[in-house]
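Residue indices begin at 1 and follow the sequence shown. What's counted below: heavy atoms across the whole structure, side chains too, no hydrogens, waters or symmetry copies.
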Amino acid sequence: MYRDPNAVATMVFDWGSIKWHVSPDTVDGASSTLGEVVINPNKGHDRHEHPESDEILYVVDGEGRQTVGDSGEFAIKAGDAVWIPRGTLHSTYNTGWRPLRLVATYTPGGAEAALRGLPDFAELAPGEFPTWKQEG
C-alpha cells in the first residue's frame with residue numbers, strides 16, 4: 001500500500017514535527033507504526049517512555065544526542081540506528097545547524113496516540129505544513 005506524504009496529517013510540537021505514514025489507526029491491518037520525525041536545530045523532546053512498544057530510530061540526516069535508559073548521552077548522526085526497548089526512558093536532541101531527520105518505528109504500533117495528549121501538540125491536516133518562526 002502506498003501512502004502519499006501530502007495525504008498524511010502532521011503532528012507539530014515546539015521542538016519539531018512527525019508524519020506517521022503507517023499506523024494501526026490509519027492503515028487497516030497494520031500492526032506496527034512507521035513515521036518521519038523532524039527535530040529542529042537546538043531543540044529536542046523530554047525523556048519519556050513507551051510502556052507497550054519497542055522503538056527503533058534510524059537517523060536519516062543531521063546530528064544529535066540520544067539517551068536510552070541509564071546509559072548516559074551519546075552522539076547520533078546520519079546512518080546510525082538506535083533500539084529503545086519498551087518501558088525505557090529516552091530522549092533525542094538536535095545538536096546540529098540543520099534539522100535532524102529520523103525514521104521512527106513502534107512495535108507493536110499505537111504508541112503514537114499518547115503524543116496527542118502533550119501540552120504542545122497540534123495537528124495539521126493533510127496538505128498543510130508547519131511554519132517555523134525565528135527565535136530571538
Within 6.0 Å of [atom1] in [X], more than 12 heavy atoms from elsewhere:
X: D4; atom1: CG; answer: yes
X: E123; atom1: CD; answer: yes
X: N6; atom1: CG; answer: yes

| field | Pair M11-R116, side chain to side chain contact (heavy atoms under 4.5 Å, CB included): steps then yes or no | value | CA-CA 8 Å; M11 288 185 164; R116 296 181 185 284; 3.9 Å; yes

Any side-chain donor near an acceptor of the partner, [X] and [Y], under 3.5 Å:
X: S91; Y: T67; result: yes
X: Y58; Y: D80; result: no
X: H90; Y: E55; result: yes

For the student: nearest non-hydrogen atoms of [X] and [Y], plus distance:
X: H48; Y: D46; answer: ND1-O, 3.0 Å
X: L57; Y: A104; answer: CD2-CB, 3.7 Å
X: P41; Y: G96; answer: CB-O, 3.5 Å
X: P130; Y: L124; answer: N-CD1, 3.3 Å
X: S71; Y: F74; answer: OG-CE2, 4.0 Å

When you measure from the side chain of [X] to the backbone of [Y], do you find a donor-acceptor pair of N or O atoms at a distance under 3.5 Å?
X: K19; Y: V37; value: no
X: T88; Y: P85; value: yes
X: S32; Y: G109; value: no
X: N94; Y: G64; value: no

Is there a side-chain contact between [X] and [Y], using heavy atoms and a 4.5 Å cut-off?
X: S31; Y: P108; answer: no
X: T10; Y: I18; answer: no
X: V103; Y: V60; answer: yes
X: E36; Y: R101; answer: yes
X: V27; Y: W20; answer: no
X: V82; Y: V68; answer: yes
X: T131; Y: F129; answer: no
X: W15; Y: N40; answer: no

| query | With respect to T26, which candidate in H21, E112, R3 satisfies the side-chain hydrogen bond (donor to acceptor under 3.5 Å, both in side chains) definition? | reply | R3

| message | Would a single hydrophobic cluster contain both L115 and L100, if residues Ile, Leu, Val, Met, Phe, Trp and Tyr are joined by side-chain heavy-atom contacts under 4.5 Å? | response |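 They do share one cluster, since a chain of ILVMFWY contacts under 4.5 Å joins L100 to L115.
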
| field | Audit row: D14, K43, salt bridge (Lys or Arg N to Asp or Glu O under 4.0 Å) steps and yes/no | value | CA-CA 8 Å; D14 63 3; K43 297 284 186 177; 5.9 Å; no

| task | Let me see the working for I56 and I84 under side chain to side chain contact (heavy atoms under 4.5 Å, CB included), right down to the final yes or no. | result | CA-CA 6 Å; I56 297 174; I84 303 157; over 6 Å; no

| Is the distance between the ring centroids of F13 and H45 less than 6.0 Å? | no

| request: Measure the spacing between OG1 of T95 and CG of N42 and express it to the nearest 0.5 Å. | output: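 With rounding to 0.5 Å, OG1 (T95) is 9.0 Å from CG (N42).
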
| For H50 and Y106, what are the C-alpha separation, side-chain angles and deciding distance, and is it a side chain to side chain contact (heavy atoms under 4.5 Å, CB included)? | CA-CA 9 Å; H50 309 287; Y106 297 133; 3.4 Å; yes

| query | T92 and I39: side chain to side chain contact (heavy atoms under 4.5 Å, CB included), yes or no, with the steps? | reply | CA-CA 8 Å; T92 310; I39 301 176; 3.6 Å; yes

